[in-house]
Amino acid sequence: MEINKIMVIGAGQMGSGIAQVCAQAGYAVYLNDIKEESFAKGLAGITKNLSRSVEKERMTEDEKNAILARISKSLDLQDAENVDLIIEAAVENMDIKKTIFKKLDAIAPSHTILATNTSSLSITELAAVTARPEKVIGMHFMNPVPVMKLVEIIRGLATTDEVYKAVEDLTRDLTKVPVEVNDFPGFVANRVLMPMINEAIYTLYEGVATKEAIDDVMKLGMNHPMGPLQLADFIGLDTCLYIMETLHEGFGDSKYRPCPLLRKYVNAGWYGKKSGRGFYSYE
Ligand code: CAA
């Protein structure tokens with residue numbers, strides 16, 4: 001199972017980061033989005049990251065240009081007919097992902113692996129809408145993708161060892177560290193991280209401490225690079241709520257109930273850093 005050409009679906013924060021690390025590792029990449037402006041914004045982010053590396057003398061201007069030249073714009077899923085691996089990083093919504101996977105399954109050659117960067121949804125359920133569930137797999141990158149080493153690799157019920165191995169080898173090639181995980185809500189990363197963030201929000205909601213104090217406790221006391229409330233803003237409060245709901249529904253256990261304050265912020269449109277306001281203000 002040789003992987004040469006890769007397509008990344010979604011040019012947002014995660015998709016553009018994934019396209020960047022794939023192109024940096026020498027792969028030809030289609031970066032696909034439904035909107036031309038989203039592609040342009042994603043590419044601008046990649047260019048900014050690479051320019052910073054040039055400034056810091058970690059790469060030359062020629063190397064930067066070679067990496068950018070490996071990224072092609074795609075505004076049509078039909079480009080899937082030319083690739084060996086597709087990494088979907090579209091919006092975190094099962095219905096939208098199912099629609100995309102059905103289309104990709106019809107277009108992509110039979111050898112093409114379909115991976116999703118979902119942070120909590122079932123790989124097995126998504127695989128079931130395709131005629132190739134054995135070639136469907138989860139590749140969960142962490143944010144910011146160019147910096148974070150981990151990729152959770154999630155096997156669906158039908159994923160073959162051969163497909164797992166190909167994705168594991170690719171992950172190492174991207175200079176990331178693959179960790180194998182089974183298909184349960186939130187996998188490992190978000191099963192552990194999100195209840196901690198949710199509990200931090202409860203701590204604020206119940207008036208135990210201020211937001212700054214809660215973040216300081218976790219930064220200075222546990223050596224976390226960011227406090228949980230700042231991290232929630234960075235991930236996106238809408239995403240945090242969606243993941244808590246996936247855990248709550250998937251396990252049917254009240255310990256995963258989302259904090260009402262989190263829901264209130266999301267209802268207000270306070271999504272964190274991306275909307276300019278969450279627990280903190282970013283204007
Ligand atoms: N893209 C690319 N590079 C970035 C970046 C970005 N968005 N943000 C920061 N960096 C780079 C900087 O360029 C800098 O690199 P150099 O020193 O080599 O120049 C380096 O990261 C450190 O950046 P800063 O000094 O500006 O800031 P920092 O020391 O606070 O680090 C951080 C920033 C790496 C984001 C750090 O705060 C951190 O590790 N935060 C926690 C991140 C985390 O927990 N991520 C997981 C989120 S959960 C998730 O992704 C899963 C999910 O499903 C929700």
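In what follows, residues are counted from 1 in the order of the sequence shown. First listed ligand is number 1; within each ligand, the first listed atom is number 1. Atom set for the values below is all heavy atoms of this structure, side chains included, hydrogens, waters and symmetry mates excluded.
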*Tell me: protein heavy atom nearest atom 3 (N) of ligand 1, and distance?*
Arg52 NH2, 3.1 Å
*By number and element, which atoms of ligand 1 are closer than 4.0 Å to a non-hydrogen atom of Ser119?*
53 (O)
*Is Arg277 paired with Glu283 through a side-chain N to carboxylate O contact shorter than 4.0 Å?*
no
*Would Lys41 and Asp33 pass as an ion pair if we require N to O under 4.0 Å?*
no
*Look at atom 44 (O) of ligand 1 and say which protein heavy atom is nearest, naming residue and atom and giving the distance to 0.1 Å.*
Leu231 CD1, 3.6 Å
*Do protein heavy atoms approach atom 14 (C) of ligand 1 to less than 4.0 Å?*
no
*Considering only non-hydrogen protein atoms, determine which one is nearest to atom 46 (C) of ligand 1 and report residue, atom name and distance to 0.1 Å.*
Asn143 O, 3.5 Å
_Identified side-chain contact (heavy atoms from CB on, under 4.5 Å) partner of Pro228 from the options Met196, Glu199, Lys211_ = Met196
*Answer with side chain, backbone, both or neither: which part of Arg58 has a heavy atom less than 4.0 angstrom from an atom of ligand 1?*
side chain
*Please report the C-alpha distance between Asn143 and Met14 in whole Å, then the side-chain angles of each, then the deciding distance to 0.1 Å, and finally whether the side chain to side chain contact (heavy atoms under 4.5 Å, CB included) criterion is met.*
CA-CA 7 Å; Asn143 185 20; Met14 296 305 287; 3.7 Å; yes
*Among protein heavy atoms, which lies nearest atom 39 (O) of ligand 1, and at what distance?*
Pro225 CG, 3.5 Å
*Would you please say whether a donor-acceptor pair under 3.5 Å links the side chains of Glu92 and Thr239?*
no
_Ile214 side chain reached by Thr203 side chain, heavy atoms, under 4.5 Å_ = yes
*Does NZ or CZ of Arg191 lie under 6.0 Å from the centre of the six-membered ring of Phe251, at an angle within 45° of the ring axis?*
yes
_No-hydrogen, no-angle side-chain donor-acceptor test under 3.5 Å, Tyr164 and Asp169_ = no
_I need the contact type for Lys56 against ligand 1. Using non-hydrogen atoms and a strict under-4.0 Å cut-off, is it side chain, backbone, both or neither?_
side chain
*Could you list the atoms of ligand 1 found under 4.0 angstrom from a heavy atom of Leu193?*
48 (S)
*So among Val8, Ile6, Val29, Ile9, which one has a side-chain contact (heavy atoms from CB on, under 4.5 Å) with Ile18?*
Val8
*Do any nitrogen or oxygen atoms of Thr239 lie less than 3.5 angstrom from nitrogen or oxygen atoms of ligand 1?*
no
_Could you check whether any side-chain N or O of Lys35 sits under 3.5 Å from a backbone N or O of Leu75, counting only pairs where one atom can act as donor and the other as acceptor?_
no
*Any non-hydrogen protein atom below 4.0 Å of atom 23 (O) of ligand 1?*
no
*Audit row: Arg155, Asp183, salt bridge (Lys or Arg N to Asp or Glu O under 4.0 Å) steps and yes/no*: CA-CA 6 Å; Arg155 285 177 185 265; Asp183 190 18; over 6 Å; no
*Which residue from Glu152, Gln230, His140 reaches closest to atom 53 (O) of ligand 1 through any of its heavy atoms?*
His140
*Can you sort out which atoms of ligand 1 are near Asn49, meaning under 4.0 Å from one of its heavy atoms?*
1 (N), 2 (C)
*Protein heavy atoms: any of them under 4.0 Å from atom 10 (N) of ligand 1?*
yes
*asked:* Tell me the protein heavy atom at minimum distance from atom 49 (C) of ligand 1, and give that distance in Å.
replied: Met142 SD, 3.7 Å
*Which residue supplies the protein heavy atom nearest to atom 34 (C) of ligand 1, what is that atom called, and how far is it?*
Val147 CG1, 3.8 Å
*Classify the contact between Val145 and ligand 1 as side chain, backbone, both or neither, using a heavy-atom distance cut-off of under 4.0 Å.*
neither
*Measure the acute angle between the ring planes of Phe279 and Tyr265, then classify it against the limits of 30° and 60° as parallel, tilted or perpendicular.*
tilted
*Who's closest to atom 43 (C) of ligand 1 heavy-atom-wise, of Lys48, Met226, Gln13, Met148?*
Met148
*asked:* Tell me whether atom 17 (O) of ligand 1 lies less than 4.0 Å from at least one protein heavy-atom position.
replied: yes
*Where is the nearest protein heavy atom to atom 8 (N) of ligand 1: which residue, which atom, and how far?*
Pro144 CG, 4.0 Å
